[in-house]
Amino acid sequence: QTENEDMTSLSVTSEHLILASPSCGRYEDDANLMPASSILPSTCVRLLDGWHTVVSTMEKNEKGVVTVITSHSDGLLLVNGIVASSFASYHLLPNTYYHFLRGIHWALPQAYANAISTYASQFSELLGDVLMR
């Protein structure tokens, strides 16, 4: 979990990717998606309104699986105003699965795509339950 100077916080797995910059964006080429475990106090994270300094981090142990599938393959999204990725540092296999689901929504009529997505969601939930045991 990270918290910035505006008290905005984000809880993710240690390998989830967050847009961060050691120089707080002063050097454009040092902004990268970084694993949450490498984000330390004084690192800056990108919020909707610019770069903000992380003031604290802490490790929490929780159980559960949550995933977000974005329509765009880069997987970027805003969580509490913080630019984060729906992927972790090991995202090849999940992204391949998500490409399949995106393709279904692109190629099939909406009713069929929604039905397949319902089954895919149930499968993903079952897989998460199995992995958490």
Side-chain angles (χ1 to χ4, degrees):
Q1 179 173 341
T2 65
E3 188 173 278
N4 70 23
E5 68 233 358
D6 295 334
M7 306 311 271
T8 303
S9 67
L10 175 66
S11 294
V12 294
T13 66
S14 62
E15 293 302 311
H16 261 90
L17 302 173
I18 301 170
L19 188 59
S21 167
S23 73
C24 294
R26 287 188 302 276
Y27 307 108
E28 197 170 308
D29 59 344
D30 79 344
N32 291 300
L33 288 170
M34 299 171 58
S37 61
S38 67
I39 309 270
L40 303 171
S42 80
T43 303
C44 290
V45 294
R46 180 72 179 174
L47 273 66
L48 189 57
D49 65 348
W51 293 100
H52 292 257
T53 304
V54 172
V55 294
S56 68
T57 63
M58 84 174 171
E59 188 174 318
K60 294 181 357 179
N61 291 316
E62 297 181 326
K63 284 185 107 175
V65 176
V66 176
T67 188
V68 176
I69 303 172
T70 63
S71 62
H72 196 277
S73 61
D74 70 7
L76 292 178
L77 49 101
L78 286 173
V79 179
N80 294 341
I82 300 171
V83 178
S85 174
S86 60
F87 299 118
S89 56
Y90 46 88
H91 70 271
L92 179 63
L93 185 60
N95 200 26
T96 302
Y97 176 62
Y98 298 154
H99 277 314
F100 169 72
L101 294 177
R102 289 182 194 104
I104 287 172
H105 277 275
W106 179 80
L108 295 179
Q110 193 66 40
Y112 293 116
N114 287 343
I116 291 171
S117 289
T118 299
Y119 289 117
S121 177
Q122 291 169 350
F123 170 75
S124 296
E125 187 173 333
L126 177 65
L127 182 60
D129 288 344
V130 169
L131 292 173
M132 292 310 298
R133 288 187 187 163

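Between Lys60 and Ser11 the shortest heavy-atom distance is NZ-OG, 3.7 Å. Across every non-hydrogen atom of Ala84 and Leu10, the tightest pair is CB-CD2, 4.4 Å. Contact between Ser42 and Thr53 at its shortest, heavy atoms only, is CA-CG2, 3.6 Å.
With contacts defined as side-chain heavy-atom distances shorter than 4.5 Å, the pair Pro41/Val55 does not qualify.
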Table please: side-chain donor-acceptor pairs of residues 31-39 below 3.5 Å, with sequence neighbours left out.
unit_1: Ser37; atom_1: OG; unit_2: Ser14; atom_2: O; d: 3.4
unit_1: Ser38; atom_1: OG; unit_2: Pro35; atom_2: O; d: 2.8

- Message: Could you go through Val83 and Leu78, starting from their C-alpha distance and side-chain angles, then the distance that decides it, and tell me whether this counts as side chain to side chain contact (heavy atoms under 4.5 Å, CB included)?
- Response: CA-CA 5 Å; Val83 178; Leu78 286 173; 3.8 Å; yes
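Each of Leu19, Leu77, Leu47, Leu48 was scored for a side chain to side chain contact (heavy atoms under 4.5 Å, CB included) with Ile82, with one residue passing: Leu47.
Atoms OH and OG, from Tyr27 and Ser21 in turn, are 10.0 Å apart once rounded to the nearest 0.5 Å.
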